[in-house]
> 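Okay, here's the structure, questions in a sec.
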Amino acid sequence: MAGEVVKLDRGFPLVRLADGRELRCEHATALVKGEKVRAVIGDRVEVSAPDEHDMGIIEAILPRERAFVRKDPTERAVPQVLAANFDRVIVAQPLAEVNRRRLERELVLAYETGAAVTVVLTKADLAADDDQVRAVSDQVRAIAGPDVQTIVVSSADPSSAEAVRALVPAGSMAVLIGRSGVGKSSLVNLLLGEEVQETAAVREGDGKGRHTTVSREVIELPGGGRIVDMPGVRGLGLWDADAGIGAAFADVEALAEGCRFRDCRHGDEPGCAVRAAVEAGELAPERLASYQALRQETADIRERREQARWAQGEKASHVRISKARKAYQKSGHAKRGRRAGR
């Protein structure tokens, strides 16, 4: 039977079958034993429902059209897929407390998926005045680039969410990302026109959000498409993010085309067009620093992956040699060889 993973909680995916039925499932041993593949929200899967099981079994995960991937925070060099088969990534940031460094990282990961990208500035009702709204909006547009729509939403004005609703038409799915407490659940409630997602404010003591959404679930929007309110993700380690960095920092990449050396690192090299732009006030030094840090991060993770592959290859080689030696000794050839040498 074919189906789609529409909710992830308690470790067992909830799969909606083609006929509308929903079935709680576990993974087939063949999926998790070798490469440890797990179905994620949005995955299209093939399931079976054996009579002797109280749950269905996910037998296969169909190829993903796109995926939201970060570096697994619990592993040194392993990717973690958070969602699949969506059409748009919506990045939520609170207007009065935009975290520029995190926004840049979120945009890199969003661009890397190949989906359309939108930034939504939430909690506009907490802004000091209209001047702050305009100033922050302009700053975020400068970071996101001219191709990314930036929308301002206020919980005090439900109609402000209509621009977001228009970006998720029927037949499409969007993934909503952002740290805890930035207003993702409030935005979903505005889109639904009712309180279905639990909300909580950012803690006053440290400015960090409380975790309210604890599961990933596909939510149907009235008269529109579907949206996934992702739990607040603290760790956003990059994974194969070269294309995403290039898209998120298109201004820096364009300047780099004018550098004297193709492999310019935009440090002390002569003829660096990027450094010249910083000195001329055309590029913020903080933006260059973010670009360089993210490039270095991807280079570091790539090196660790190569080291892990090399170590696994060495281990596999030792195992093969050991098995061959044992087989040789067991065959008796070694004993005959020693007798012949006497």
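On a predicted model such as this, the values are computed, not experimentally measured, just so you know. When a residue number appears, it is its place in the shown sequence, counting from 1.
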> May I ask you to decide if H266's main-chain N or O and Q292's side chain share a donor-acceptor pair within less than 3.5 Å?
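It does hold such a pair.
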
> Quick check on the hydrophobic clustering: are L17 and I58 connected, directly or via other members, by side-chain heavy-atom contacts under 4.5 Å?
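Same cluster.
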
> Just by distance, with hydrogens left out, do E253 and Y291 show a side-chain donor and acceptor under 3.5 Å apart?
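A pair is found: one side chain offers a donor N or O, the other an acceptor, under 3.5 Å apart.
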
> Which heavy-atom pair separates E106 from R179 by the least distance, and what is that distance?
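Smallest heavy-atom distance, with atoms named: OE2-N, 4.1 Å.
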
> Mind checking the CD1-CG spacing from I143 to D138? Nearest 0.5 Å is all I need.
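The CD1 atom of I143 sits 11.5 Å away from the CG atom of D138.
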
> Does one hydrophobic cluster hold both L103 and V133, with members joined at side-chain heavy-atom distances below 4.5 Å?
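Same cluster.
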
> What distance do L14 atom CG and K7 atom NZ have between them, rounded to the nearest 0.5 Å?
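If we round to the nearest 0.5 Å, L14:CG and K7:NZ are 7.5 Å apart.
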
> Is there a side-chain contact between V15 and M1 (heavy atoms, below 4.5 Å)?
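Result no, sub-4.5 Å side-chain heavy-atom pair not found.
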
> Quick one: CG on L187 to NZ on K123, what's the gap to the nearest 0.5 Å?
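Going from the CG atom of L187 to the NZ atom of K123 covers 11.5 Å.
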
> Any chance you could lay out the side chain to side chain contact (heavy atoms under 4.5 Å, CB included) test for R134 and D131, step after step, and finish with the verdict?
CA-CA 5 Å; R134 284 191 292 270; D131 288 340; 2.3 Å; yes

> State yes or no: do L126 and L121 share one hydrophobic cluster built from I, L, V, M, F, W and Y residues joined by side-chain heavy-atom distances below 4.5 Å, directly or via other members?
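L126 does not cluster with L121.
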
> State, to 0.1 Å, how close A144 and V148 come at their nearest heavy-atom pair, and which atoms those are.
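Closest heavy-atom pair between A144 and V148: O-CG2, 3.5 Å.
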
> Taking it one step at a time, do I41 and F86 satisfy side chain to side chain contact (heavy atoms under 4.5 Å, CB included)?
CA-CA 10 Å; I41 196 78; F86 46 87; over 6 Å; no

> Do any N or O atoms from the side chain of K184 and from the backbone of G178 form a donor-acceptor pair under 3.5 angstrom?
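Here the side-chain-to-backbone pair exists.
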
> Where do L31 and A60 come nearest, in terms of heavy atoms and distance?
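Looking at all heavy atoms of both residues, the shortest contact is CD1-N, 4.3 Å.
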
> Would you call R287 and E104 a salt bridge, using N to O less than 4.0 angstrom?
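Yes, this pair counts.
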
> Side chains of F249 and V108: closer than 4.5 Å at any heavy-atom pair?
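Contact flag for F249/V108 side chains = yes.
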
> Is the shortest heavy-atom distance from the side chain of V164 to the side chain of T118 under 4.5 Å?
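They are not in contact (no side-chain heavy atoms under 4.5 Å apart), so the answer is no.
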
> Please give me the minimum heavy-atom distance between A28 and E59, naming the atom from each residue.
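So the minimum-distance heavy-atom pair works out to CB-OE1, 3.7 Å.
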
> How far apart are the closest heavy atoms of R165 and P222, and which atoms are they?
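What the structure gives for the nearest pair is NH1-O, 3.6 Å.
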
> Got S137 and R141 here, is their nearest side-chain heavy-atom distance under 4.5 Å?
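Heavy-atom side-chain distance check passes, below 4.5 Å.
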
> Is the closest basic N to carboxylate O distance between E269 and R265 below 4.0 Å?
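Salt bridge absent between E269 and R265.
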
> Check for a donor-acceptor pair, side chain of S154 on one end and backbone N or O of A156 on the other, with a separation under 3.5 Å.
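Checked: pair present.
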
> Between H27 (side chain) and A39 (backbone), is there a donor-acceptor pair under 3.5 Å?
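It does hold such a pair.
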
> Search all heavy atoms of A92 against all heavy atoms of V182 and return the closest pair with its distance.
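That would be O-CG2, 3.9 Å.
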
> Could you walk me through whether V5 and I61 satisfy the side chain to side chain contact (heavy atoms under 4.5 Å, CB included) test, starting with their C-alpha distance in whole Å, then the side-chain angles of each, then the deciding distance to 0.1 Å, before giving a yes or no?
CA-CA 10 Å; V5 177; I61 301 171; over 6 Å; no

> Using a 4.5 Å cut-off on heavy atoms from C-beta on, say whether the side chain of V152 contacts that of S160.
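S160 vs V152: side chains apart.
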
> Could you check whether any side-chain heavy atom of E112 comes within less than 4.5 Å of a side-chain heavy atom of V69, counting everything from C-beta outward?
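Answer no - side chains too far apart.
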
> L221 versus L192: any side-chain heavy-atom pair under 4.5 Å?
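Yes, side chains in contact.
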
> Looking only at side-chain N and O atoms, does R88 offer a donor or acceptor that is under 3.5 Å from a partner on S172?
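Not at all, the side chains of S172 and R88 share no donor-acceptor pair under 3.5 Å.
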
> Would you give the length of the straight line joining atom CD1 of I90 to atom CE of M230, rounded to the nearest 0.5 angstrom?
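Between I90 CD1 and M230 CE, I get 12.5 Å after rounding to 0.5 Å.
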
> Could you state the interatomic distance from OG1 (T113) to CG (L82), rounded to the nearest 0.5 Å?
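Reported to 0.5 Å precision, the distance equals 11.5 Å.
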
> Is any side-chain N of the basic residue among D87 and R226 closer than 4.0 Å to the acidic one's carboxylate O?
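So D87 does not pair with R226 through a salt bridge.
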
> Given 3.5 Å as the limit, does a donor-acceptor pair link the side chain of Q93 with the main chain of N99, or not?
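Yes.
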
> Keeping D43 on the side-chain end and V45 on the backbone end, is there a donor-acceptor pair under 3.5 Å?
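No; judged by distance alone, with no hydrogens or angles, the pair does not exist.
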
> Decide, yes or no, whether a salt bridge links R216 with D229 under the criterion of side-chain N to carboxylate O below 4.0 Å.
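No.
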
> Taking the side chain from R70 and the backbone from Q80, do they hold a donor-acceptor pair closer than 3.5 Å?
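Looks like no, no N/O pair under 3.5 Å.
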
> Do L23 and R16 come close enough that some side-chain heavy atom pair is under 4.5 Å?
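No; the side chains remain at least 4.5 Å from each other.
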
> Is it true that F12 and I57 fall in one hydrophobic cluster, defined by side-chain heavy atoms closer than 4.5 Å?
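Per the 4.5 Å side-chain linkage, F12 and I57 are not co-clustered.
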
> Test side chain to side chain contact (heavy atoms under 4.5 Å, CB included) on D54 and R24; report intermediate values, then the result.
CA-CA 9 Å; D54 57 354; R24 186 70 66 175; over 6 Å; no

> Verify the neighbour count for atom CG of D129: are there more than 12 heavy atoms of other residues, nucleotides or ligands below 6.0 Å?
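Count over threshold, so yes.
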
> Taking N85 for the side chain and E65 for the main chain, is one N or O donor matched with an acceptor at less than 3.5 Å?
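Between the backbone of E65 and the side chain of N85 there is a qualifying donor-acceptor contact (under 3.5 Å).
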
